[in-house]
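Report on the following structure.
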Number of protein chains: 2
Amino acid sequence: MKDYYTPGEIAERFDLTLDTLRYYEKAGLLRRVDRAPSGHRRYRTDDVELLHLIRCLRDTDMPIARLREFAELVRSGDHTIPERLDVLQEHKNRLDARIAELIDRQGAIEHKIDYYLGVLSDRAAQTAHTLKDEN
Amino acid sequence: MKDYYTPGEIAERFDLTLDTLRYYEKAGLLRRVDRAPSGHRRYRTDDVELLHLIRCLRDTDMPIARLREFAELVRSGDHTIPERLDVLQEHKNRLDARIAELIDRQGAIEHKIDYYLGVLSDRAAQTAHTLKDEN
DNA sequence: CCTTGACCTGGAGTGCGCTCCAGGTCCCAT
DNA sequence: ATGGGACCTGGAGCGCACTCCAGGTCAAGG
(Lines give C-alpha, C1' and ligand atoms only; values in the text may rest on other atoms or scores of the structure.)
Protein backbone atom coordinates (compact mmCIF):
# COMPACT_ATOMS: atom_id res chain seq x y z
CA MET A 1 0.00 0.00 0.00
CA LYS A 2 1.79 3.06 -1.30
CA ASP A 3 0.42 6.50 -0.67
CA TYR A 4 0.75 7.50 -4.28
CA TYR A 5 1.11 6.05 -7.78
CA THR A 6 2.93 7.36 -10.83
CA PRO A 7 1.19 7.87 -14.18
CA GLY A 8 3.04 4.88 -15.59
CA GLU A 9 1.82 2.62 -12.80
CA ILE A 10 -1.75 3.76 -13.23
CA ALA A 11 -1.64 3.44 -17.01
CA GLU A 12 -0.32 -0.09 -16.67
CA ARG A 13 -2.79 -1.08 -13.98
CA PHE A 14 -5.85 0.10 -15.87
CA ASP A 15 -4.53 -0.59 -19.33
CA LEU A 16 -4.91 3.04 -20.36
CA THR A 17 -2.40 5.23 -22.15
CA LEU A 18 -0.90 8.27 -20.45
CA ASP A 19 -2.74 10.34 -23.03
CA THR A 20 -6.06 8.82 -22.09
CA LEU A 21 -5.35 9.38 -18.43
CA ARG A 22 -4.65 13.06 -19.03
CA TYR A 23 -7.67 13.26 -21.29
CA TYR A 24 -9.86 11.89 -18.51
CA GLU A 25 -8.50 14.50 -16.17
CA LYS A 26 -9.12 17.32 -18.67
CA ALA A 27 -12.60 15.94 -19.26
CA GLY A 28 -13.37 16.20 -15.56
CA LEU A 29 -13.49 12.48 -14.81
CA LEU A 30 -10.69 12.92 -12.32
CA ARG A 31 -10.07 15.91 -10.13
CA ARG A 32 -6.91 17.96 -10.73
CA VAL A 33 -4.46 15.30 -9.66
CA ASP A 34 -1.66 16.04 -7.17
CA ARG A 35 1.82 16.82 -8.44
CA ALA A 36 5.34 15.99 -7.38
CA PRO A 37 7.69 19.01 -7.17
CA SER A 38 8.86 18.01 -10.64
CA GLY A 39 5.37 18.57 -11.99
CA HIS A 40 4.72 14.86 -12.50
CA ARG A 41 1.34 13.55 -11.44
CA ARG A 42 0.91 11.62 -8.23
CA TYR A 43 -2.27 9.57 -8.05
CA ARG A 44 -3.73 8.79 -4.63
CA THR A 45 -5.63 5.75 -3.48
CA ASP A 46 -8.98 7.38 -4.00
CA ASP A 47 -8.05 8.35 -7.54
CA VAL A 48 -7.34 4.69 -8.07
CA GLU A 49 -10.67 3.70 -6.58
CA LEU A 50 -12.59 6.15 -8.72
CA LEU A 51 -10.66 5.07 -11.80
CA HIS A 52 -11.67 1.54 -11.08
CA LEU A 53 -15.32 2.48 -11.26
CA ILE A 54 -14.75 4.73 -14.25
CA ARG A 55 -13.08 1.89 -16.10
CA CYS A 56 -16.00 -0.34 -15.33
CA LEU A 57 -18.55 2.21 -16.52
CA ARG A 58 -16.56 3.08 -19.65
CA ASP A 59 -16.17 -0.58 -20.50
CA THR A 60 -19.94 -0.80 -20.44
CA ASP A 61 -20.22 2.22 -22.75
CA MET A 62 -21.19 4.98 -20.41
CA PRO A 63 -20.41 8.17 -22.37
CA ILE A 64 -17.65 10.46 -21.11
CA ALA A 65 -20.15 13.27 -20.47
CA ARG A 66 -22.24 11.11 -18.16
CA LEU A 67 -19.12 9.91 -16.42
CA ARG A 68 -18.12 13.50 -15.82
CA GLU A 69 -21.48 14.19 -14.21
CA PHE A 70 -21.00 11.19 -12.00
CA ALA A 71 -17.48 12.25 -11.06
CA GLU A 72 -18.78 15.70 -10.15
CA LEU A 73 -21.31 14.10 -7.83
CA VAL A 74 -18.54 12.12 -6.19
CA ARG A 75 -16.53 15.32 -5.71
CA SER A 76 -19.52 17.12 -4.24
CA GLY A 77 -19.63 14.91 -1.16
CA ASP A 78 -21.65 12.20 0.47
CA HIS A 79 -24.99 13.97 0.21
CA THR A 80 -25.01 13.18 -3.51
CA ILE A 81 -25.24 9.44 -2.96
CA PRO A 82 -28.92 9.30 -3.97
CA GLU A 83 -28.11 11.00 -7.26
CA ARG A 84 -25.17 8.70 -7.85
CA LEU A 85 -27.51 5.79 -7.30
CA ASP A 86 -29.84 7.19 -9.94
CA VAL A 87 -27.00 7.38 -12.42
CA LEU A 88 -25.83 3.86 -11.67
CA GLN A 89 -29.29 2.37 -11.74
CA GLU A 90 -30.15 4.02 -15.00
CA HIS A 91 -26.89 2.80 -16.44
CA LYS A 92 -27.55 -0.69 -15.18
CA ASN A 93 -30.93 -0.66 -16.90
CA ARG A 94 -29.31 0.29 -20.18
CA LEU A 95 -26.68 -2.35 -19.67
CA ASP A 96 -29.23 -5.06 -18.89
CA ALA A 97 -31.08 -4.16 -22.06
CA ARG A 98 -27.88 -4.14 -24.09
CA ILE A 99 -26.87 -7.55 -22.77
CA ALA A 100 -30.31 -8.92 -23.60
CA GLU A 101 -30.05 -7.52 -27.11
CA LEU A 102 -26.60 -8.98 -27.64
CA ILE A 103 -27.72 -12.40 -26.43
CA ASP A 104 -30.63 -12.24 -28.79
CA ARG A 105 -28.38 -11.41 -31.75
CA GLN A 106 -25.95 -14.07 -30.60
CA GLY A 107 -28.72 -16.61 -31.13
CA ALA A 108 -29.45 -15.29 -34.62
CA ILE A 109 -25.78 -15.49 -35.56
CA GLU A 110 -25.48 -19.04 -34.24
CA HIS A 111 -28.51 -19.88 -36.31
CA LYS A 112 -26.88 -18.48 -39.42
CA ILE A 113 -23.68 -20.37 -38.68
CA ASP A 114 -25.66 -23.59 -38.33
CA TYR A 115 -27.40 -22.85 -41.58
CA TYR A 116 -24.08 -22.45 -43.39
CA LEU A 117 -22.73 -25.59 -41.73
CA GLY A 118 -25.81 -27.41 -43.00
CA VAL A 119 -25.21 -26.19 -46.52
CA LEU A 120 -21.63 -27.38 -46.35
CA SER A 121 -22.44 -30.82 -45.01
CA ASP A 122 -25.24 -31.29 -47.55
CA ARG A 123 -22.80 -30.36 -50.22
CA ALA A 124 -20.21 -32.81 -48.88
CA ALA A 125 -22.83 -35.56 -48.76
CA GLN A 126 -23.82 -34.76 -52.33
CA THR A 127 -20.22 -34.93 -53.49
CA ALA A 128 -19.69 -38.26 -51.71
CA HIS A 129 -22.81 -39.62 -53.32
CA THR A 130 -21.73 -38.50 -56.76
CA LEU A 131 -18.32 -40.05 -56.32
CA LYS A 132 -19.92 -43.32 -55.22
CA ASP A 133 -22.13 -43.38 -58.33
CA GLU A 134 -19.17 -42.73 -60.53
CA ASN A 135 -17.13 -45.56 -59.08
CA MET B 1 -44.83 -10.83 -50.58
CA LYS B 2 -43.99 -7.96 -52.90
CA ASP B 3 -41.25 -8.25 -55.43
CA TYR B 4 -39.66 -4.99 -54.40
CA TYR B 5 -39.57 -2.47 -51.57
CA THR B 6 -39.13 1.29 -51.58
CA PRO B 7 -36.39 3.04 -49.62
CA GLY B 8 -38.99 4.35 -47.19
CA GLU B 9 -40.29 0.86 -46.48
CA ILE B 10 -36.80 -0.51 -45.92
CA ALA B 11 -35.79 2.38 -43.70
CA GLU B 12 -38.88 1.88 -41.60
CA ARG B 13 -38.52 -1.87 -41.41
CA PHE B 14 -34.91 -1.83 -40.29
CA ASP B 15 -35.08 1.41 -38.37
CA LEU B 16 -32.41 3.01 -40.51
CA THR B 17 -32.43 6.45 -42.12
CA LEU B 18 -32.44 6.84 -45.88
CA ASP B 19 -29.00 8.37 -45.50
CA THR B 20 -27.68 5.34 -43.69
CA LEU B 21 -29.16 3.05 -46.30
CA ARG B 22 -27.42 4.96 -49.06
CA TYR B 23 -24.25 5.05 -47.00
CA TYR B 24 -24.32 1.27 -46.68
CA GLU B 25 -24.68 0.96 -50.41
CA LYS B 26 -21.78 3.33 -51.06
CA ALA B 27 -19.73 1.45 -48.50
CA GLY B 28 -20.29 -1.78 -50.40
CA LEU B 29 -22.54 -3.48 -47.86
CA LEU B 30 -25.26 -3.72 -50.47
CA ARG B 31 -24.80 -4.25 -54.17
CA ARG B 32 -25.78 -1.41 -56.52
CA VAL B 33 -29.51 -1.57 -55.86
CA ASP B 34 -32.07 -1.73 -58.70
CA ARG B 35 -33.77 1.45 -59.82
CA ALA B 36 -37.25 2.39 -60.93
CA PRO B 37 -37.39 4.38 -64.20
CA SER B 38 -37.62 7.47 -61.99
CA GLY B 39 -34.22 6.70 -60.52
CA HIS B 40 -35.67 5.69 -57.14
CA ARG B 41 -34.22 2.59 -55.53
CA ARG B 42 -36.10 -0.69 -55.58
CA TYR B 43 -34.95 -3.20 -53.00
CA ARG B 44 -35.48 -6.89 -53.72
CA THR B 45 -36.14 -9.73 -51.31
CA ASP B 46 -32.52 -10.76 -51.19
CA ASP B 47 -31.46 -7.21 -50.37
CA VAL B 48 -33.88 -7.42 -47.48
CA GLU B 49 -32.45 -10.74 -46.37
CA LEU B 50 -28.90 -9.49 -46.49
CA LEU B 51 -29.90 -6.30 -44.69
CA HIS B 52 -31.38 -8.43 -41.97
CA LEU B 53 -28.04 -10.10 -41.36
CA ILE B 54 -26.17 -6.81 -41.73
CA ARG B 55 -28.40 -5.25 -39.11
CA CYS B 56 -27.73 -8.12 -36.79
CA LEU B 57 -23.98 -7.92 -37.27
CA ARG B 58 -23.89 -4.12 -36.95
CA ASP B 59 -25.97 -4.30 -33.79
CA THR B 60 -23.28 -6.51 -32.38
CA ASP B 61 -20.59 -4.03 -33.39
CA MET B 62 -19.10 -5.62 -36.45
CA PRO B 63 -17.21 -2.76 -38.15
CA ILE B 64 -18.40 -1.54 -41.54
CA ALA B 65 -15.15 -2.65 -43.18
CA ARG B 66 -15.61 -6.24 -42.04
CA LEU B 67 -19.22 -6.14 -43.08
CA ARG B 68 -18.15 -5.04 -46.53
CA GLU B 69 -15.79 -7.99 -46.78
CA PHE B 70 -18.62 -10.28 -45.80
CA ALA B 71 -20.97 -8.72 -48.32
CA GLU B 72 -18.36 -9.18 -51.02
CA LEU B 73 -18.17 -12.87 -50.18
CA VAL B 74 -21.93 -13.12 -50.47
CA ARG B 75 -21.79 -11.46 -53.87
CA SER B 76 -19.03 -13.77 -55.04
CA GLY B 77 -21.25 -16.84 -54.91
CA ASP B 78 -21.82 -20.02 -52.98
CA HIS B 79 -18.25 -21.19 -53.09
CA THR B 80 -17.39 -18.54 -50.49
CA ILE B 81 -19.52 -20.17 -47.80
CA PRO B 82 -16.50 -21.51 -45.91
CA GLU B 83 -15.01 -18.01 -45.76
CA ARG B 84 -18.34 -16.55 -44.67
CA LEU B 85 -18.40 -19.12 -41.91
CA ASP B 86 -14.95 -18.02 -40.80
CA VAL B 87 -16.13 -14.43 -40.58
CA LEU B 88 -19.25 -15.34 -38.64
CA GLN B 89 -17.47 -17.67 -36.28
CA GLU B 90 -14.77 -15.17 -35.53
CA HIS B 91 -17.42 -12.55 -34.92
CA LYS B 92 -19.34 -14.89 -32.66
CA ASN B 93 -16.19 -15.46 -30.62
CA ARG B 94 -15.75 -11.74 -30.16
CA LEU B 95 -19.39 -11.38 -29.28
CA ASP B 96 -19.27 -14.18 -26.73
CA ALA B 97 -16.29 -12.54 -25.11
CA ARG B 98 -17.99 -9.16 -25.12
CA ILE B 99 -21.13 -10.56 -23.54
CA ALA B 100 -19.05 -12.26 -20.87
CA GLU B 101 -17.24 -8.99 -20.17
CA LEU B 102 -20.48 -7.04 -19.93
CA ILE B 103 -21.99 -9.58 -17.56
CA ASP B 104 -18.90 -9.34 -15.42
CA ARG B 105 -19.12 -5.55 -15.25
CA GLN B 106 -22.84 -5.81 -14.64
CA GLY B 107 -22.01 -7.68 -11.44
CA ALA B 108 -19.54 -5.02 -10.36
CA ILE B 109 -22.07 -2.28 -10.96
CA GLU B 110 -24.75 -4.13 -9.02
CA HIS B 111 -22.26 -4.47 -6.23
CA LYS B 112 -21.62 -0.75 -6.22
CA ILE B 113 -25.35 -0.04 -6.23
CA ASP B 114 -25.81 -2.35 -3.26
CA TYR B 115 -22.98 -0.60 -1.51
CA TYR B 116 -24.63 2.79 -1.97
CA LEU B 117 -27.99 1.38 -0.90
CA GLY B 118 -26.28 0.09 2.23
CA VAL B 119 -24.83 3.52 2.97
CA LEU B 120 -28.27 5.07 2.58
CA SER B 121 -30.05 2.61 4.81
CA ASP B 122 -27.36 2.85 7.48
CA ARG B 123 -27.75 6.57 7.35
CA ALA B 124 -31.54 6.30 7.62
CA ALA B 125 -31.18 3.95 10.59
CA GLN B 126 -28.77 6.38 12.20
CA THR B 127 -31.21 9.25 11.73
CA ALA B 128 -34.08 7.23 13.17
CA HIS B 129 -31.95 6.32 16.13
CA THR B 130 -30.99 9.92 16.73
CA LEU B 131 -34.60 11.03 16.51
CA LYS B 132 -35.61 8.32 18.94
CA ASP B 133 -32.96 9.50 21.44
CA GLU B 134 -34.07 13.04 21.12
CA ASN B 135 -37.71 12.26 21.78
C1' DC C 1 -50.57 23.85 -64.38
C1' DC C 2 -49.05 23.64 -59.70
C1' DT C 3 -48.01 21.63 -55.51
C1' DT C 4 -46.61 18.00 -52.59
C1' DG C 5 -43.94 14.27 -51.17
C1' DA C 6 -40.76 10.74 -51.94
C1' DC C 7 -36.59 10.26 -53.52
C1' DC C 8 -32.08 11.53 -56.04
C1' DT C 9 -26.80 13.34 -56.07
C1' DG C 10 -22.10 14.64 -54.40
C1' DG C 11 -19.94 16.34 -50.92
C1' DA C 12 -19.35 18.67 -46.49
C1' DG C 13 -20.02 18.41 -41.53
C1' DT C 14 -20.58 16.22 -36.90
C1' DG C 15 -19.72 13.86 -32.45
C1' DC C 16 -17.17 10.86 -29.93
C1' DG C 17 -13.15 9.19 -27.83
C1' DC C 18 -9.18 9.09 -28.07
C1' DT C 19 -4.16 9.58 -30.10
C1' DC C 20 -0.25 11.93 -31.63
C1' DC C 21 3.11 15.47 -31.71
C1' DA C 22 6.73 19.07 -30.90
C1' DG C 23 9.25 20.99 -27.78
C1' DG C 24 10.34 21.20 -23.00
C1' DT C 25 11.63 19.84 -17.81
C1' DC C 26 13.46 17.00 -14.30
C1' DC C 27 16.24 13.49 -12.26
C1' DC C 28 19.31 9.68 -12.12
C1' DA C 29 23.23 6.85 -13.64
C1' DT C 30 27.50 6.57 -16.32
C1' DA D 1 28.42 16.80 -18.42
C1' DT D 2 25.90 13.78 -20.92
C1' DG D 3 22.46 10.66 -22.05
C1' DG D 4 18.23 8.35 -21.23
C1' DG D 5 13.74 7.79 -19.45
C1' DA D 6 9.57 9.35 -17.43
C1' DC D 7 6.80 12.84 -17.63
C1' DC D 8 4.96 17.71 -18.83
C1' DT D 9 1.98 21.21 -22.05
C1' DG D 10 -1.32 22.89 -25.58
C1' DG D 11 -3.18 21.86 -29.48
C1' DA D 12 -3.79 19.40 -33.83
C1' DG D 13 -5.26 15.16 -36.01
C1' DC D 14 -7.65 10.81 -36.64
C1' DG D 15 -11.04 6.94 -37.46
C1' DC D 16 -15.50 5.65 -37.35
C1' DA D 17 -20.21 5.81 -38.52
C1' DC D 18 -23.10 8.27 -39.66
C1' DT D 19 -25.87 12.82 -40.67
C1' DC D 20 -26.98 16.85 -43.04
C1' DC D 21 -27.48 19.80 -46.90
C1' DA D 22 -28.44 22.27 -51.34
C1' DG D 23 -30.30 21.80 -55.31
C1' DG D 24 -32.62 18.72 -58.36
C1' DT D 25 -36.11 15.02 -60.57
C1' DC D 26 -40.35 12.61 -60.96
C1' DA D 27 -45.28 11.02 -60.48
C1' DA D 28 -49.71 11.67 -58.68
C1' DG D 29 -53.60 14.53 -57.03
C1' DG D 30 -56.46 18.74 -57.08
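Because the structure is predicted, anything quoted here is derived from the model rather than measured. Throughout, protein chains are lettered first and strands after them, A, B, ... in sequence-line order, and every chain is numbered starting at 1. Atom set for the values below is all heavy atoms of this structure, side chains included, hydrogens, waters and symmetry mates excluded.
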Q. Does A/Asp122 reach the main-chain N or O of A/Val119 with its side chain, forming a donor-acceptor pair under 3.5 Å?
A.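 A pair under 3.5 Å: no.
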Q: Could you list where the contact with chain A starts and ends along DNA chain D, reading 5' to 3', using a 4.0 Å heavy-atom cut-off?
A: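 It runs D/dA6 to D/dG11.
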Q.
Run the salt bridge (charged side-chain N to carboxylate O under 4.0 Å, His left out) test on B/Arg58 and B/Asp15 for me, step by step, so that the C-alpha distance in whole Å, both residues' side-chain angles and the decisive distance to 0.1 Å come before the verdict.
A. CA-CA 13 Å; B/Arg58 265 310 289 141; B/Asp15 195 28; over 6 Å; no
Q. With a non-hydrogen cut-off below 4.0 angstrom, is B/Arg22 in contact with a base, only sugar-phosphate, or nothing?
A.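 Since a base atom lies under 4.0 Å of B/Arg22, the category is base.
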Q) Which part of the nucleic acid, if any, lies within contact of A/Arg35, taking any heavy atom under 4.0 Å across all strands shown: a base, the sugar-phosphate backbone alone, or nothing? A) sugar-phosphate
Does some side-chain heavy atom of [Y] sit less than 4.5 Å from a side-chain heavy atom of [X]?
X: A/Ile54; Y: A/Phe70; result: no
X: A/Ile113; Y: B/Gln89; result: yes
X: B/Asp104; Y: B/Glu101; result: no
X: A/Asp86; Y: A/Glu90; result: no

Could you tell me the separation between the [atom1] atom of [X] and the [atom2] atom of [N], rounded to a whole number of Å?
X: A/Arg42; N: C/dC27; atom1: CZ; atom2: P; value: 10 Å
X: A/Arg68; N: C/dG15; atom1: CZ; atom2: C1'; value: 14 Å
X: A/Leu29; N: C/dC16; atom1: CG; atom2: P; value: 14 Å
X: B/Asp19; N: C/dG11; atom1: CG; atom2: C1'; value: 12 Å
X: A/Leu67; N: C/dC16; atom1: CG; atom2: C1'; value: 13 Å
X: B/Leu16; N: C/dC7; atom1: CG; atom2: P; value: 14 Å
X: B/Leu18; N: C/dA6; atom1: CG; atom2: C1'; value: 9 Å
X: B/Tyr23; N: C/dA12; atom1: OH; atom2: P; value: 17 Å

**Q.** Contact nearer the 5' end of DNA chain D, comparing A/Arg41 with A/Lys26
**A.**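 Here A/Arg41 is the residue nearer the 5' end.
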Q: Report the residue (A/Ser38 or B/Pro63) whose heavy-atom-nearest nucleotide on DNA chain D is the more 5′ of the two.
A: A/Ser38
Q. Counting only side-chain N and O atoms of A/Thr20, is one of them less than 4.0 Å from OP1 or OP2 of C/dT19?
A.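 Yes.
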Q: Please indicate whether A/Arg66 has more than 12 foreign heavy atoms, meaning atoms of other residues, nucleotides or ligands, lying under 6.0 Å from its CZ.
A: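 Result for CZ/A/Arg66: enclosed.
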